[in-house]
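Values below: every heavy atom of this structure, side chains too, minus hydrogens, waters and symmetry copies. These figures come from a predicted structure and were not determined experimentally. Whatever order the structure lists them in is the order used to number ligands and atoms, beginning at 1.
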Amino acid sequence: MTPRLREAFLRLPAYPLADVPERRRRLEARGVDVIDLGAGDADLAPPPAAVEALRSAAGDRRYSRYAFQAGLPALREALASWMLRRFGVALDPWSEILPLIGSKEGIAHLPLAFVDPGDVGIVPDPGYQAYRGGMVLAGGEPWLVPLRPENDFLIPFGDLPADVVRRSRILYLNYPNNPTAAEAPLAYMEEAVAFCREHQVLLVHDHAYSEIAFDGYRPPSILEVDGGRDVAVEFHSFSKTYNMTGWRLGWVAGRRELVGALTRVKTFMDTGVFLGVQAAGAAALESWEAWVPGNVAVFRARRDAAVEAFGRAGFEVRTPRATMYLWLPVPGGEASASFALRALEEQGVVILPGAALGEGGEGFFRVALTVPEGRLREAAERLGKLAGAGV
Ligand SMILES: Cc1ncc(COP(=O)(O)O)c(C=O)c1O
């Protein structure tokens, strides 16, 4: 007997890049030099202070015990003081901040506290798949809104159908945005807060890329917008800022009732992040001012090299002020999945087809700035050979 799968489970979309490792293995076995610009997972090292803190925590048995949801007091305090310093947002470390096993975990679990069957979550399309997956698994209905260049890759609230707005419980926003690399002006964030207040919607702001910004741009927090604290929670991550993707550490910030609801869900699901990783997180935050600018400079140099090289190779390219991505139109009207498949099979370059992050991403592909400049130039040159050749 095969157990029957849940109807909601069957509605989950395929996860992007799932078949890449296998294809890549086959190509490399044939001697192909593969350049991987697929996942947002840079080749760079974490801050030495974080590595050292983890090393010493590993030998200290106090860190080997359960973290529980309270976690390491020093991390909570470091997070609260960083949020104050960076955004001017004062938070109580014990009730308005919660460490997460990576921000994805918290994002995906959040709807379990706020969504009943039939409730709607307004989800950017293309978008990080945990929004959609979390909604579906909670029994809710994701309402996908295409992010298009003509709207500056923002969700136009005025265009949402009244019935959808009425049933909405959550609005997901992510600026600076993955995958489009778009930013949201402050006026738009104010509009989002007003929309959520009027319609009693929880605003979930995913701020994974808050620190990867260039040319003097400092992405604001939704919690510093007037009234933002009333309607919003904000998810943050150590993954991109500190090159700690595999360490699994993030946090959510917001008012007590909202953060408390997610804390209660997680109490039944996990027992916290390894305390040694939390100590490393506190050390990483302490190194923010001294260490992060150098890391961002690496991404900026890569962005500049990639923008120049893709432009020269014949692609239409914008210069983003934030994130580790370029979001490029697929040349010649080819479907993004077909272009990405040819990129890998014919040129040994892994890119993310726009449609892998939702139908709204069709017509585009994403390049991640996760390899050195020389490799980005080489990738652009190889992909340039495909442009216009396939259709
Ligand atoms: C937009 C966005 N949100 C959240 C995450 C997840 O980050 P974490 O590693 O903290 O789970 C990512 C990772 O790629 C992301 O791109």
Side-chain angles (χ1 to χ4, degrees), residues 15-18 20 36-44 46 50 71 75 79 82 97-111 121 123-135 142 147 153-155 170-184 203-213 219 221-222 232-253 262 266 269-270 272-274 277-278 280-281 284-285 299 320 322-327 350-352 354 356-358 360-361 366-370:
Y15 208 80
L17 297 173
V20 166
D36 192 341
L37 312 179
D41 194 358
D43 59 340
L44 303 166
L75 175 65
L79 289 169
W82 184 80
I97 285 178
L98 174 67
L100 301 169
I101 313 170
S103 63
K104 180 181 194 177
E105 174 265 306
I107 291 167
H109 283 140
L110 186 79
V123 173
D125 174 17
Y128 190 55
Q129 293 290 281
Y131 316 143
R132 191 170 167 184
M135 273 308 292
L147 299 186
F153 302 106
L154 302 169
I155 290 177
I170 299 184
L171 163 70
Y172 294 89
L173 292 183
N174 163 225
Y175 296 101
N177 184 257
N178 171 19
T180 67
E183 58 194 74
L203 202 173
V204 172
H205 187 228
D206 176 358
H207 220 353
Y209 298 91
S210 73
E211 303 314 294
I212 306 205
S221 165
I222 196 75
V233 290
E234 189 162 81
F235 285 88
H236 287 263
S237 174
F238 284 79
S239 292
K240 320 291 170 166
T241 307
Y242 299 104
N243 305 320
M244 288 167 63
T245 49
W247 298 47
R248 309 314 300 135
L249 187 61
W251 74 97
V252 64
L262 181 56
K266 278 169 58 63
M269 301 201 134
D270 69 73
V273 178
F274 170 40
V277 167
Q278 298 198 34
L285 284 166
F299 283 116
T323 77
M324 55 170 78
Y325 306 115
L326 301 186
W327 183 242
V350 181
I351 51 171
L352 186 80
L357 294 178
R366 190 189 75 182
V367 161
L369 307 174
T370 48

Peer 1: If you round to the nearest 0.5 Å, how far is NZ of Lys240 from CE of Met324?
Peer 2: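 One gets 5.0 Å once the value is rounded to the nearest 0.5 Å.
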
Peer 1: Looking at Arg248 and Glu105, is any side-chain nitrogen of the basic one under 4.0 Å from a carboxylate oxygen of the acidic one?
Peer 2: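 Salt bridge flag = no for Arg248 with Glu105.
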
Peer 1: In the protein, which heavy atom is nearest to atom 9 (O) of ligand 1, and how far is it?
Peer 2: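 I find the closest protein heavy atom is Ser239 OG, 2.5 Å.
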
Peer 1: Which of the atoms in ligand 1, numbered in the order shown and given with their element, are less than 4.0 Å from a heavy-atom of Arg248?
Peer 2: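 With Arg248 as reference, the close atoms of ligand 1 come out as 8 (P), 9 (O), 11 (O).
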
Peer 1: Report yes if Lys104 has an N/O atom closer than 3.5 Å to an N/O atom of ligand 1; otherwise report no.
Peer 2: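 Yes - when backbone and side-chain N and O of Lys104 are compared with those of ligand 1, one distance drops under 3.5 Å.
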
Peer 1: Between Arg366 and Gly38 (side chain of the first, backbone of the second, donor and acceptor by atom type, cut-off under 3.5 Å), is there such a pair?
Peer 2: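 Checking the backbone N and O of Gly38 against the side chain of Arg366, a donor-acceptor pair under 3.5 Å is found.
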
Peer 1: Determine the interplanar angle of the His205 and His207 rings, folded into 0 to 90°, and report it as parallel if under 30°, tilted if 30 to 60°, perpendicular if over 60°.
Peer 2: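 Tilted: the ring planes of His205 and His207 meet at 30° to 60°.
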
Peer 1: Looking only at protein heavy atoms, which one is nearest to atom 6 (C) of ligand 1, and what is the separation?
Peer 2: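 The closest heavy atom on the protein side is Tyr128 OH, 3.2 Å.
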
Peer 1: With a heavy-atom distance limit of 4.0 Å, tell me whether Tyr209 approaches ligand 1 through its side chain, its backbone, both, or neither.
Peer 2: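 Near ligand 1, Tyr209 shows its side chain, while the N, CA, C and O stay back.
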
Peer 1: Short list, please: which atoms of ligand 1 are under 4.0 Å from a heavy atom of Ala208?
Peer 2: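 Those qualifying, in numeric order: 2 (C), 3 (N), 4 (C).
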
Peer 1: Between Gln129 (side chain only) and Gly127 (backbone N and O only), is there a donor and an acceptor less than 3.5 Å apart?
Peer 2: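 Yes: the side chain of Gln129 pairs with the backbone of Gly127.
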
Peer 1: Using a 3.5 Å distance criterion without hydrogens, assess whether the side chain of Gln278 forms a donor-acceptor pair with backbone atoms of Val273.
Peer 2: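 Present.
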
Peer 1: Do me a favour and list the nearest non-hydrogen protein atom to atom 14 (O) of ligand 1 with residue, atom name and distance?
Peer 2: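 I find the closest protein heavy atom is Lys240 NZ, 2.7 Å.
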
Peer 1: Could you tell me whether Tyr325 and ligand 1 have an N or O pair separated by under 3.5 Å?
Peer 2: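 In this structure, Tyr325 places no N or O atom under 3.5 Å from an N or O of ligand 1.
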
Peer 1: Please write down residue, atom name and distance for the protein heavy atom closest to atom 3 (N) of ligand 1.
Peer 2: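 Looking only at protein heavy atoms, the one closest to atom 3 (N) of ligand 1 is Asp206 OD2, 2.5 Å.
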
Peer 1: Can Glu105 be said to touch ligand 1, with heavy atoms closer than 4.0 Å?
Peer 2: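 Contact absent.
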
Peer 1: Quick one: does ligand 1 sit under 4.0 Å from the side chain of Ser103, the backbone, both or neither, non-hydrogen atoms only?
Peer 2: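 Answer for Ser103: both.
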
Peer 1: Which pair of heavy atoms, one from Pro126 and one from Trp327, lies closest together, and at what distance?
Peer 2: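 Here Pro126 and Trp327 meet closest at CG-CZ2, 3.8 Å.
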
Peer 1: Between ligand 1 and Asn174, is the shortest N or O to N or O distance under 3.5 Å?
Peer 2: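 Between Asn174 and ligand 1 (N or O atoms, distance only) the closest approach is not under 3.5 Å.
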
Peer 1: Does the plane of the ring in Trp82 sit parallel, tilted or perpendicular to the ring in His236? Use 30° and 60° as the thresholds.
Peer 2: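 Answer is perpendicular, since the angle exceeds 60°.
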
Peer 1: Taking Asn174 for the side chain and Asp206 for the main chain, is one N or O donor matched with an acceptor at less than 3.5 Å?
Peer 2: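 Looks like yes, one N/O pair under 3.5 Å.
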
Peer 1: Any atom of ligand 1 sitting under 4.0 Å from a heavy atom of Gly102?
Peer 2: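 Per 4.0 Å heavy-atom rule, Gly102 contacts ligand 1.
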
